[in-house]
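A quick write-up on the structure given underneath.
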Amino acid sequence: MWLFREGSGRICLDYVRTLRHRGAPAEVEELSDPATLTAWVTQFGPWDRMAATPDIRAVESARTLREAIFRVVELARTTKGAVRPSDRDRAVINKAASRHVPIPSLDEHGELRWAAPDPIAAVLATVARDALDLVTSPTAALIRRCAGESCQAYFVDLSRPGNRRWCSMDTCGNRAKKRNLRAREMHTPT
Ligand SMILES: [Zn+2]
């Protein structure tokens with residue numbers, strides 16, 4: 001059972017994070033094969049279990065989508081005003097967004113059911129649509145990068161003062177706190 005990081009505030013940013021420690025020596029590819037892609041979609045999609053099994057090409061295009069979203073989000077974060085992505089990135093994200101998203105329905109027991117012709121594509125369509133919405137909305141100004149050492153995770157800073165620094169207090173925030181504490185102890189005369 002895989003457990004992927006969540007809590008960025010947007011599904012598209014959680015998805016970008018499946019390349020952990022991006023660009024650092026400790027970089028980890030979490031979407032390495034069909035099983036891990038299925039696990040991500042199961043965790044973030046509306047299904048508890050999923051019948052669909054993607055092939056390796058589906059995994060490759062899922063990663064291509066992720067990298068396109070990463071570049072567009074980075075543009076949105078660092079440029080003020082309209083985002084001008086490359087034609088290729090635009091095409092990749094637009095195409096993913098054009099697929100069917102999961103469709104809700106109420107069954108005879110009063111329970112919510114979700115359906116999609118292609119569950120993997122449907123959840124990735126949700127991710128792509130979320131990315132399009134995020135980078136063109138005022139919320140784009142709130143995208144931050146975690147200050148944790150080599151973490152690189154994006155999150156939306158919804159804190160009132162707008163000074164959130166960590167992807168999560170439980171991981172990066174806590175590590176930094178411990179480091180500061182150790183540094184202070186070392187400098188305290190005994
Ligand atoms: Zn972090």
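First listed ligand is number 1; within each ligand, the first listed atom is number 1.
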Problem - Qualifying side chain to side chain donor-acceptor pair (under 3.5 Å) pairs with a residue from residues 113-133, counting only residues at least two apart or across chains - result: R10-D130, R10-D133, D107-R113

Practice task
Check the pair E27 / Q152 against side chain to side chain donor-acceptor pair (under 3.5 Å), numbers first and verdict last.
Solution key: CA-CA 10 Å; E27 189 177 88; Q152 306 290 347; over 6 Å; no

Problem - Under-4.0 Å salt bridge between R22 and E29 - result: no

Handout entry: Atoms of protein origin (N, O or S) under 2.8 Å from the Zn ion (ligand 1)
Key = C146 SG, C151 SG, C167 SG, C172 SG

Problem - Backbone of P85 reached by a side-chain donor or acceptor of D89 within 3.5 Å - result: no

Practice task
Please say whether the positively charged group of R164, taken as NZ for Lys or CZ for Arg, lies over the ring of F155, i.e. under 6.0 angstrom from the six-membered ring centre and within 45 degrees of the axis.
Solution key: yes

Handout entry: N-O pairing of E74 and R77 below 4.0 Å
Key = yes

